[in-house]
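Remember, predicted model here, so these are calculated numbers, not experimental data. Counting from 1, the numbers follow the sequence of the chain as shown.
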Amino acid sequence: MRIRPVATVAAGALLGLSALALSPAAQAAPHGHPPVTVAHRGAASYAPENTLASIDAAARLGFDWVENDVQRTKDGELVILHDSSLARTTNVEQVFPGRSPWNVSDFTLREIERLDAGSWFGAKFKGEQVPTLEDYMDEVEHNDQSLLMELKSPELYPGIERETLRELRSEGWLNSAHLKDRLVIQSFNADAIKTVHKLEPEVRTGYLGNPSVADLPKYAKYCDQINPVHTVVTRDYVAAVHGLKGPHRRPLDLYTWTVDDPATAVKVAGLGVDGIISNKPDVVRAAVGGDDDD
């Protein structure tokens, strides 16, 4: 693993978040247990998103499930970043001023390693890097966390499904223990999820979106989750999803995103969702109760 600066969440902030997590506002979902809480891009409200610092912050707050985004560099290395451009979350415009629009695919890994991916969020995160998938998986394993992995814009990176699975295998993440309850691969691109399922049928997969109820059976052939934005979730839609079994002969799950306030968390939990993806996972946990275990 590459050496990186250690960034911590302020002690005062942690105390405040811990107090919030112990709030009596907990409410169980109708199916008998609170939904799983997934830390979106790590604890993205408390550390720079999609960095090792962010998943470490999620771990310190007590969250096992983290979400990330995988893309590919010009020289074929897999890195963790949400946007197709490096501009928003790094200092790439200063380091490489003449290379607009600063797309990930236009830079080699060595060039990306020169960038600061933390200072935009806060001075104490200065020097945090864009992690490679290898380094990210090492940290997830070190933290004993589970991963909801998004293949970001896979149409830009032909073959990224196979490459990602190859990296996961080399890191030991395609064994039975990890596949059972520690890994889900999702995407907005249905073809990418079909490819993942074809290449590694035992991997649990999720589709980011809200297919029509009539189309859900087609998705159930290769998806274990349907993961829509929270604004479109209804009780009837959740019931329709739960009424189908996925490729592993288990009822489909529904994880919704991105929920950062207590009222919305309580609402979607009441609709019966199985998971809530949040930049503020502690806020969600305080609102709906339970912990983050799947």
Side-chain angles (χ1 to χ4, degrees), residues 29-40 64-70 140 145-152 154-155 160-162 164-166 168-169 173-230 232-259 268-278 288 290 292-294:
H31 44 59
H33 57 83
V36 175
T37 303
V38 180
H40 186 233
D64 291 339
W65 277 93
V66 295
E67 184 267 359
N68 74 350
D69 304 276
V70 179
V140 171
Q145 290 169 308
S146 301
L147 180 61
L148 178 58
M149 170 187 287
E150 180 179 346
L151 299 180
K152 193 70 180 182
E155 61 275 9
I160 195 171
E161 302 92 346
R162 186 181 297 275
T164 300
L165 290 168
R166 184 184 303 124
L168 289 170
R169 180 177 287 105
W173 273 72
L174 295 186
N175 62 23
S176 59
H178 288 85
L179 291 176
K180 181 180 178 182
D181 57 12
R182 292 189 61 188
L183 177 68
V184 178
I185 297 178
Q186 65 174 357
S187 181
F188 285 99
N189 186 313
D191 288 338
I193 294 305
K194 287 180 185 178
T195 299
V196 170
H197 179 66
K198 180 179 179 180
L199 292 171
E200 290 290 343
E202 295 307 309
V203 173
R204 288 193 292 165
T205 56
Y207 176 67
L208 281 161
N210 60 311
S212 69
V213 171
D215 284 341
L216 284 174
K218 294 189 295 186
Y219 288 83
K221 294 178 181 179
Y222 56 89
C223 291
D224 299 276
Q225 296 180 356
I226 301 295
N227 299 341
V229 64
H230 72 85
V232 304
V233 176
T234 66
R235 190 180 305 278
D236 287 345
Y237 192 76
V238 174
V241 170
H242 287 167
L244 295 170
K245 290 186 177 180
H248 299 110
R249 300 191 178 280
R250 291 167 33 175
L252 295 182
D253 286 336
L254 188 149
Y255 281 38
T256 191
W257 48 275
T258 305
V259 177
V268 296
L271 296 176
V273 305
D274 303 284
I276 300 175
I277 303 168
S278 178
V288 304
D292 56 305
D293 292 333
D294 194 6

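- D253 and H242 share no donor-acceptor pair across their side chains, judged by distance under 3.5 Å alone.
- In this structure, E67 and W257 have side chains that are not in contact, with every pair of non-hydrogen atoms separated by 4.5 Å or more.
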- Query: Step by step, would you call V66 with L148 a side chain to side chain contact (heavy atoms under 4.5 Å, CB included)?
  - Reply: CA-CA 6 Å; V66 295; L148 178 58; over 6 Å; no
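- Judged as a salt bridge (Lys or Arg N to Asp or Glu O under 4.0 Å), and not counting sequence neighbours, the contacts of E150 are K152.
- Every side-chain hydrogen bond (donor to acceptor under 3.5 Å, both in side chains) that E155 has, sequence neighbours left out, goes to N189.
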- Query: R204 and R250: side chain to side chain contact (heavy atoms under 4.5 Å, CB included), yes or no, with the steps?
  - Reply: CA-CA 11 Å; R204 288 193 292 165; R250 291 167 33 175; 3.7 Å; yes
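- Applying the side-chain hydrogen bond (donor to acceptor under 3.5 Å, both in side chains) criterion to D224, with sequence neighbours excluded, gives H248.
- Scanning both residues, V229 and T256, for their nearest heavy atoms gives C-OG1, 3.4 Å.
- Residues passing the side-chain hydrogen bond (donor to acceptor under 3.5 Å, both in side chains) test with H197, sequence neighbours excluded: none.
- Within the 4.5 Å cutoff, side-chain heavy atoms of V36 are placed close to those of W65.
- Formation of a donor-acceptor pair under 3.5 Å by the S187 side chain with backbone atoms of L151 is found in this model.
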- What's the verdict on side chain to side chain contact (heavy atoms under 4.5 Å, CB included) for T164 and M149, showing C-alpha distance, side-chain angles and the deciding distance? CA-CA 10 Å; T164 300; M149 170 187 287; 3.5 Å; yes
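- Scanning both residues, T258 and S278, for their nearest heavy atoms gives CG2-CA, 4.2 Å.
- The CG atom of D69 lies 8.5 Å from the CD atom of Q186; values are rounded to the nearest 0.5 Å.
- Not counting sequence neighbours, the partners of P211 by the side chain to side chain contact (heavy atoms under 4.5 Å, CB included) test are Y207, D215, L216, Y219, I226, Y237.
- Shown here are the side-chain hydrogen bond (donor to acceptor under 3.5 Å, both in side chains) partners of Q225, two or more places apart in sequence or in another chain: N227.
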- Task: Given side chain to side chain contact (heavy atoms under 4.5 Å, CB included), test L174 with L183 step by step and report yes or no.
- Result: CA-CA 9 Å; L174 295 186; L183 177 68; 4.2 Å; yes
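- Side-chain contact between P251 and L244 is absent, with no heavy-atom pair separated by less than 4.5 Å.
- Of all the heavy atoms in C223 and I193, the pair that sits closest is SG-CG2, 3.8 Å.
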